[in-house]
**Student:** 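Dropping the structure in here first, questions after.
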Amino acid sequence: MREWCALHRIGRIIGGRWAISQVALDMLLDGDKGSLEAYLSGDRTSERVRSYYTRRSIPLQSISAGSADYADR
């Protein structure tokens, strides 16, 4: 997973531990490169990106919080 985080930019180190974006991981596993690229460029409002938040039941208002979609690993 650490290699995927670094290679595909789906995670970051927070407090010395890797945190993986749940929605970015879903995009990667789905092979949805367009949505992943949009997400990585900061898009949190297009339907293609928001649908991943909805699928994970992450409230859309938490998107602006920045780390609501990250899970510690």
Side-chain angles (χ1 to χ4, degrees):
M1 283 307 295
R2 290 179 189 137
E3 287 182 34
W4 278 20
C5 287
L7 181 63
H8 301 289
R9 301 180 329 179
I10 61 168
R12 59 186 174 184
I13 297 175
I14 301 174
R17 296 185 55 170
W18 277 100
I20 301 167
S21 167
Q22 298 172 60
V23 295
L25 178 60
D26 288 345
M27 292 170 183
L28 180 65
L29 292 175
D30 286 351
D32 190 349
K33 291 181 182 183
S35 292
L36 182 57
E37 288 174 10
Y39 172 84
L40 292 173
S41 70
D43 179 357
R44 302 296 187 274
T45 58
S46 70
E47 181 55 35
R48 73 184 311 161
V49 173
R50 291 180 347 157
S51 66
Y52 283 92
Y53 282 88
T54 301
R55 188 165 93 179
R56 283 281 186 163
S57 299
I58 299 171
L60 295 176
Q61 64 270 19
S62 71
I63 293 173
S64 62
S67 62
D69 62 295
Y70 278 85
D72 289 333
R73 295 285 179 237

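Not measured: the values here are computed from a predicted model.
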**Student:** Between Leu25 and Met1, is there a side-chain heavy-atom distance shorter than 4.5 Å?
**Tutor:**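 The answer is yes, as the side chains (C-beta and beyond) meet within the 4.5 Å cut-off.
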**Student:** Could you tell me whether a side-chain N or O of Asp43 sits under 3.5 Å from a main-chain N or O of Thr45, the two making a donor and an acceptor?
**Tutor:**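 Present.
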**Student:** Are side-chain heavy atoms of Val49 and Met27 found at a separation under 4.5 Å?
**Tutor:**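 In short, these two side chains touch, coming nearer than 4.5 Å.
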**Student:** Looking at CG of Leu28 and OG of Ser35, how far apart are the two atoms once the value is rounded to the nearest 0.5 Å?
**Tutor:**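 The CG atom of Leu28 sits 12.0 Å away from the OG atom of Ser35.
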**Student:** Which heavy-atom pair separates Cys5 from Trp18 by the least distance, and what is that distance?
**Tutor:**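 Heavy atoms of Cys5 and Trp18 come nearest at CB-CZ3, 3.3 Å.
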**Student:** Looking at Ala24 and Tyr39, what are the two nearest heavy atoms and their distance?
**Tutor:**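 Heavy atoms only, the tightest pair is CB-CE2, 3.7 Å.
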**Student:** Hey, what do you get for CD (Gln22) to CZ (Arg55), rounding to the nearest 0.5 Å?
**Tutor:**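 Taking CD in Gln22 and CZ in Arg55, the distance rounds to 11.5 Å.
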**Student:** With rounding to the nearest 0.5 Å, note down the distance linking CG in Leu36 to OG in Ser21.
**Tutor:**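 Rounded to the nearest 0.5 Å, the CG-OG separation comes to 8.5 Å.
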**Student:** CD of Glu47: more than 12 outside heavy atoms within 6.0 angstrom?
**Tutor:**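 Yes - once you tally the heavy atoms of other residues, nucleotides and ligands closer than 6.0 Å, there are more than 12.
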**Student:** Donor-acceptor pair, distance only, cut-off 3.5 Å: does the side chain of Arg12 make one with the backbone of Ile20?
**Tutor:**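 No; judged by distance alone, with no hydrogens or angles, the pair does not exist.
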**Student:** Minimum heavy-atom separation for Trp4 to Leu29, with atom names?
**Tutor:**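 Minimum heavy-atom contact is CZ3-CD2, 3.7 Å.
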